[in-house]
Each structure stands twice: as structure tokens, then as C-alpha cells.
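Nothing here was measured: the structure is a model prediction, and the numbers come from that model.
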Amino acid sequence: MSGRLLRLVCTAATAGALLAPLPAAAAPDPGGTRLTTDAPSPAATDGPTAPGPEGESAAAPGNRSVAELLTELQELYRKAEQATETYNATAERLKRGRAEVARLDGELARARLTLRDSKGAAGRLARQQYQGSSGLSPYLRLLLAHDPQQALDQSHVIGQVARERAETLGRVSGDAKKAAELARKARKALDDQVALADRQEKDREGVQRGLRDVEALLAALTPGQLTALAEFERRGVDREQRKLVTSGALSTVRRPSGQGDRAIDYALRQLGKDYEWGAEGPETYDCSGLTSKAWEHAGVPIPRTSEEQWARLRHIPLTELRPGDLVVYFPEATHVALYLGEGKVVQAPRTGEQVMISPMAIHPILGAVRPDPAA
């Protein structure tokens, strides 16, 4: 763990990579080990740091405890991850909006062709009626005809033509209204698409700003401080994992469904691939990009973002957890991982790291959801 964090900061120093902070599962040591930072982080100048997990108050920026630094990193990373999921949600809405614009454009083109054909039929009918008119009303033609039956037949034809003309004019009117309504919807869908594109750009800026804050805080620490933080993180995760496993909260051994097994197989084949915010494969992933693609590969489309996965999929208690289910983290549902069994998950963790197998207690657990409840 310490080597991983140190490797991240070395990468940032040499390549300018954006880094992510430590998991939120860690808790401070009772001793409250203190670190002296070389310079205050940008986040520290905006206001007081949040209390540590055991209630420690924030110290001055230049003399903060491990717990305080870890708390600040956790908060910065959570904000960045929340911004990432917001960006993902906007990107999904933009994708659906583009599909809707394309669909409406197709319908509008077909409606205009139909309207053109209807107008052509109405024009032909009008010309035929003009060319066949005699100036006498059907009643007079009936009185003057040598063959009354023939006159009646002609009157029937005239009535039929009139009905066809009325129907044709009705179709023209209906087709015109439909084309106008489709044109209105297409314009609105296009306006919505432009607004979503602007929103997506703002979301992108929010993610990048959050990751820059994380990088700045990490870059202000010395290698020794980073090593201490990483060891602190490791002990905290181990402690939370022991508490979780021994609490009886996890289910007994359960087998995955056939679809869950395929989702797990897909996720495990992505091990070692880089995390990238907003990515959904096949070369890079963010957390919900990995889980959504794994279940899509299994034949079960699920929402793209962790918030939507939590909101729309069936919630299950941890005592019923089985491999293939999704474990959702943080109160805002901003991180998600795929459960493997025996207290382990596979996840795309954060910028600078790769898809990996981790203890389930990497972050505070919000709950679990099952993508295939009918299986």
C-alpha cells in the first residue's frame, strides 16, 4: 500500500499525472501521529479541515496529524468522484439526447414526404374536378337526363369524389399538423442537446478541478509522510475488514447466478487496466464503467452511474450478498464495486491505479444491489 501511494506521487512529479487520495475506511491511530507538511494544501486554505475519524480537530496546515491529512484526502477524493459520476450521468443523458434527435429527424423527414404526397393527391383531385365540371348541379343533370339511372350513377360518382376530396384534405391537414409537431420536438431536442453539451463541459471542469486539488495536497507531502499515510491507510482498511468479516453481516457462501458468473469473469479479465474517470472500457474504466460493462457483457443492461445503480436496482441485505452483486459506497453512492465472495470485491479504484481485487471494507459501505433479481 505504501509503495503504491509513493509510486502515485512519483508519477505526478515526473509526468504530471492527476492523483487520487486514500480510501475512507481508514481510522486514526490512538496516538494521533502528527506530520509536518512542507506547505499548506490549497484545500486547507479554504477553511477548517473536517475532524478526523475519532473526533480530532484540525491542526494548523503545517502541523497536522496523519488522521487529519487522511480525512482531507478522503474528502477531496469523494468530491472528485462525485463530480465524475455527475459527468457520467450528463454524458448518458447527452447520448440519449443525440439518439432522440436522430429519431425525430428521421420521423420528420418521413412526415414531410407523406405531406408532400398528400398535397400532390389533393392537387390531382382538384384538377380532375375542375376538368370534369359542367356548370350544372347534380339535381339539374338528373332532371334533364335522358337516362335517369345513368344520371343517378353519375351523381353517386360525384358524391364519392367529394368524399375522397374531403378525406384527402383531411389527410393533408393531419399530415401538416404532424410535421409541425415533429419539427417543434426536433428543435426542442436539439436545444436540449446543446444545453447538455454545455453542462458536460462544466462537469468535466469540476472533475479536473477536484483531481488537481488532490494532486496538490499529495505533492506537498514528503516521501516519508506519504509512506506513513499509506501504512496508516493499510492498517485502517485491515481493521475495518476484520470488523466486517467477524460481525456476521456478510452472507454465508453463496453461488453466483449464471449471469453473475459471466459478469465476474468479465471484470476479472480487466484486472491491471488503468482507471480513467468517465471511461467504460475496453482499455480503461472508472468504477461504474467497470460494473455496468461487466453486467452488459452478462446480458443484463444496468444504469451507467453508481448513483443510478443504487437508485434503480434491487437492494439486498449484506446477509444475502452473493458473487456478482454490486457493493455501493458512501452516503452519496459515489463508488461501486463487484462482489467476488469471501469479503472481496473487484473495483476500478481511482486515478493512478488499476482495476484490482480489494477487501470489501475499502470505503464506508452504503449497501448492496442485485442486477439480476429474477435469476
If you define the side chain from C-beta out and look only at heavy atoms, does anything of [X] sit under 4.5 Å from [Y]?
| X | Y | value |
| --- | --- | --- |
| Pro301 | Trp295 | no |
| Ile264 | Leu338 | yes |
| Gln270 | Leu290 | yes |
| Trp310 | Leu366 | yes |
| Ile357 | Leu268 | yes |
| Glu320 | Arg254 | yes |
| Gln241 | Met360 | yes |
| Leu326 | Pro371 | yes |

Working for side-chain contact (heavy atoms from CB on, under 4.5 Å), residues Ile365 and Leu244: CA-CA 10 Å; Ile365 297 171; Leu244 176 66; 4.1 Å; yes
To the nearest 0.5 Å, tell me how far [X] [atom1] sits from [Y] [atom2].
| X | Y | atom1 | atom2 | result |
| --- | --- | --- | --- | --- |
| Arg370 | Leu313 | CZ | CG | 11.5 Å |
| Glu240 | Ile362 | CD | CD1 | 12.5 Å |
| Leu318 | Leu250 | CG | CG | 6.5 Å |
| Arg350 | Tyr275 | CZ | OH | 11.0 Å |
| Asp325 | Tyr339 | CG | OH | 9.0 Å |
| Glu342 | Lys344 | CD | NZ | 9.0 Å |

Restricting to non-hydrogen atoms, name the atom on [X] and the atom on [Y] that form the minimum distance, rounded to 0.1 Å.
| X | Y | answer |
| --- | --- | --- |
| Pro359 | Val345 | O-CG2, 3.9 Å |
| Ser306 | Ala333 | OG-O, 2.6 Å |
| Ala298 | Ala263 | CB-N, 3.8 Å |

Whether Tyr329 and His363 hold their rings parallel, tilted or perpendicular, with breakpoints at 30° and 60°: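 Answer is perpendicular, since the angle exceeds 60°.
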Side-chain donor-acceptor pair present, Gln309, Thr291, cut-off under 3.5 Å: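 A pair is found: one side chain offers a donor N or O, the other an acceptor, under 3.5 Å apart.
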In one Ile/Leu/Val/Met/Phe/Trp/Tyr side-chain cluster, 4.5 Å: Tyr285, Val300: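 Per the 4.5 Å side-chain linkage, Tyr285 and Val300 are co-clustered.
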Same apolar cluster (I L V M F W Y, side chains within < 4.5 Å links), Val327/Ile316: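 Yes, Val327 and Ile316 fall within the same hydrophobic cluster.
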Passing option when Asp286 is tested against Lys273, Arg304, Lys293 for salt bridge (charged side-chain N to carboxylate O under 4.0 Å, His left out):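 One option only clears the test, and that one is Arg304.
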Name of the residue among Arg322, Arg262, Arg314 meeting salt bridge (charged side-chain N to carboxylate O under 4.0 Å, His left out) with Asp372: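 Of Arg322, Arg262, Arg314, salt bridge (charged side-chain N to carboxylate O under 4.0 Å, His left out) with Asp372 is met by Arg322 alone.
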Side chain Ser292, main chain Pro303, donor-acceptor under 3.5 Å: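 No; judged by distance alone, with no hydrogens or angles, the pair does not exist.
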side-chain contact (heavy atoms from CB on, under 4.5 Å) between Gln347 and His335, intermediate numbers included: CA-CA 9 Å; Gln347 59 150 347; His335 190 74; 2.8 Å; yes
Residues, nucleotides or ligands: over 12 heavy atoms within 6.0 Å of Arg269 CZ: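 Atom CZ in Arg269 is packed in, count exceeds 12.
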Lys/Arg-Asp/Glu bridge criterion (N-O < 4.0 Å) met for Asp238, Arg242: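 Judged by the 4.0 Å cut-off on N to carboxylate O distance, Asp238 and Arg242 do not form a salt bridge.
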Salt bridge flag under 4.0 Å for residues Arg235 and Glu231: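 Yes, this pair counts.
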Audit row: Thr334, Glu85, side-chain hydrogen bond (donor to acceptor under 3.5 Å, both in side chains) steps and yes/no: CA-CA 7 Å; Thr334 51; Glu85 291 301 290; over 6 Å; no
